[in-house]
Protein chains: 2
Amino acid sequence: MSTTPVNLALTVDRSSPVPLYFQVAQQLEHAIETGRLEPGSRLGNEIELAGRLGLSRPTVRQAIQSLVDKGLLVRRRGVGTQVVHSQVKRPLELSSLYDDLLAAGQRPTTSVLRSATGPASAAVAAALGIAEGAEVVTVERLRSAHGEPIARLLNHLPVGLVRLETADLEATGLYRLMRAAGIILHSARQTVGARAATAAEGALLSESEGAPLLTMERVSFDDHGRAVEYGTHIYRATRYSFEFSLLVRP
Amino acid sequence: MSTTPVNLALTVDRSSPVPLYFQVAQQLEHAIETGRLEPGSRLGNEIELAGRLGLSRPTVRQAIQSLVDKGLLVRRRGVGTQVVHSQVKRPLELSSLYDDLLAAGQRPTTSVLRSATGPASAAVAAALGIAEGAEVVTVERLRSAHGEPIARLLNHLPVGLVRLETADLEATGLYRLMRAAGIILHSARQTVGARAATAAEGALLSESEGAPLLTMERVSFDDHGRAVEYGTHIYRATRYSFEFSLLVRP
DNA sequence: GTCAATCGTTTGTCCTGACATACTTACTTG
DNA sequence: CAAGTAAGTATGTCAGGACAAACGATTGAC
């Protein structure tokens with residue numbers, strides 16, 4: 001009944017600049033992903049593990065804790081640490097449509113429909129937390145895959161954060177450009193809903209008027225807490241859906 | 001230019017069974033939520049803070065770390081720890097429609113349309129990771145608020161996990177019943193999409209045929225990694241949307 | 001005047017040691 | 001034989017200390 005003891009070959013390189021706890025966490029994560037550590041199997045207890053690696057218990061704990069936070073391990077007092085067996089891979093990320101499509105093996109293309117600088121409307125100003133009428137950059141794009149339109153992306157950014165060249169926008173995703181400009185994304189607030197397509201939206205997305213669309217509104221914040229982007233996007237429901245895992249925080 | 005020093009009255013109760021780091025974290029979180037700790041303000045450095053509280057630095061660090069994980073604080077080496085100023089409140093939770101509606105001040109009501117035990121279809125078995133034909137409990141419910149239908153909830157659970165009485169299901173939410181039965185939710189995988197309502201669905205939800213519906217599919221796992229619930233739900237797009245915050249993991 | 005090096009500050013990492021608490025198992029008792 | 005009890009085991013919490021690394025600002029050089 002009790003799970004296997006598990007003997008795992010772990011090593012650490014003390015001359016490496018990579019933190020020791022991180023080295024351990026990486027090796028454990030790799031062992032889990034390759035199946036060497038089977039779901040449900042128990043890790044040796046922390047003290048024994050620390051002794052085997054020549055590390056202190058806090059360091060081993062830190063390594064384990066990082067994997068618990070990722071949802072790969074579960075610890076129980078008096079029992080031990082076990083590998084979770086589930087399909088849950090990574091908790092979730094601020095998904096970028098561009099990267100999502102790339103990962104799915106599709107070849108996303110983008111065409112810039114509009115790119116302008118002007119005063120912020122009341123709604124945009126409220127979302128970005130700036131004064132109404134302040135200058136914002138507005139970009140409207142059509143994202144397609146295999147020649148089929150997938151979504152219409154409408155973004156608003158405070159001026160001065162990123163230089164948005166049409167060529168860059170058509171070559172890659174907005175988030176990549178923001179990261180390249182030194183913006184460190186920290187968090188976002190999203191709303192996902194649905195509504196019927198207007199005639200114009202239907203024409204743009206090769207759908208008929210009244211066709212169901214998936215809508216997504218998002219405000220992203222950088223590590224200083226400033227709103228750096230506000231987007232209102234619509235997706236063809238027949239071509240796209242949001243998929244994500246999440247962990248339940250105790 | 002440098003942000004304010006901030007003087008905060010923190011105390012700890014060593015006779016309390018509540019962990020010290022947790023006490024500190026709670027007080028800091030409260031101070032942030034009430035605005036006593038303003039966005040952008042700096043916490044005193046860890047060593048000084050520890051000395052002021054009569055705690056060790058690791059304990060203070062643990063408190064701060066928990067708030068960093070929640071997205072309320074940002075630490076920078078050589079700079080200090082600052083309060084993030086953003087609307088982001090809580091990272092995200094496995095949201096329960098019932099609790100969502102309660103929190104929104106609505107009074108949700110539920111009527112059980114169907115509740116039966118039978119062999120799992122191929123799709124249900126695949127989602128739950130059990131053998132096709134194995135016994136599962138199927139529950140179909142209509143969730144309303146203010147007398148208006150909001151969603152049709154269709155859930156499948158392996159038999160033996162929870163006793164689902166119609167009276168209980170109409171009095172509270174499924175997740176609450178599962179928790180009460182000792183099931184510890186750990187993670188979930190969700191897919192959110194949209195599609196047009198069928199005639200039957202429209203009639204049930206007081207919408208017309210072809211009206212846009214928000215769809216959500218979810219498989220939930222407990223802390224052993226076992227799938228404990230599979231749900232396919234449809235929501236009236238005019239009455240409901242998903243809203244959630246998320247943190248970008250570095 | 002502008003750019004580069006230096007220095008102090010603050011968090012990041014790691015160590016040793018100790019006790020508390022929860023869960024499991026095995027034993028004892030009614 | 002069943003239920004309660006006790007021992008064992010593993011994680012949870014906390015202390016105190018030490019050095020490393022990164023960031024910001026000041027100082028110095030060209």
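Naming: A, B, ... by sequence-line order, numbering from 1 per chain.
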Suppose we screen for side-chain hydrogen bond (donor to acceptor under 3.5 Å, both in side chains). Which residues come up paired with A:Thr232, at least two apart in sequence or across chains?
none
Can you tell me if B:Gln27 uses its side chain to pair, donor with acceptor, with the backbone of B:Thr11 under 3.5 Å?
yes
B:Leu49 CG to C:dT9 P: how many Å, rounded?
17 Å
Using the side-chain hydrogen bond (donor to acceptor under 3.5 Å, both in side chains) criterion, which residues pair with B:Thr117? Sequence neighbours excluded.
none
Does B:Thr81 have a side-chain nitrogen or oxygen under 4.0 Å from the phosphate oxygens OP1 or OP2 of C:dT11?
yes
Whichever of B:Val79 and A:Gly78 has the more 5' nearest nucleotide on DNA chain D, that residue is A:Gly78
Figure out the CG/C1' separation between B:Leu43 and C:dT11, and round it to whole Å.
13 Å
Partners passing side-chain hydrogen bond (donor to acceptor under 3.5 Å, both in side chains) against A:Ser66 (at least two apart in sequence or in another chain):
none
All side-chain hydrogen bond (donor to acceptor under 3.5 Å, both in side chains) counterparts of A:Arg14, not counting sequence neighbours
none
For residues 53-66 of chain B, which residue pairs qualify under salt bridge (charged side-chain N to carboxylate O under 4.0 Å, His left out), counting only residues two or more places apart or in two chains?
B:Glu46-B:Arg57, B:Glu46-B:Arg61
Walk along nucleotides 12-18 of chain C from 5' to 3' and tag each nucleotide B, S or - by protein heavy-atom contact under 4.0 Å, base first, then sugar-phosphate.
BBSBB-B
Would you mind reading off the distance between B:Ile47 atom CD1 and C:dG8 atom P, rounded to a whole angstrom?
16 Å
Starting at CZ of B:Arg42 and ending at C1' of C:dT10, how long is that distance when rounded to a whole Å?
9 Å
Of the options C:dC23, D:dC23, D:dT11, whose atoms approach the side-chain atoms of A:Asn45 most closely?
D:dT11
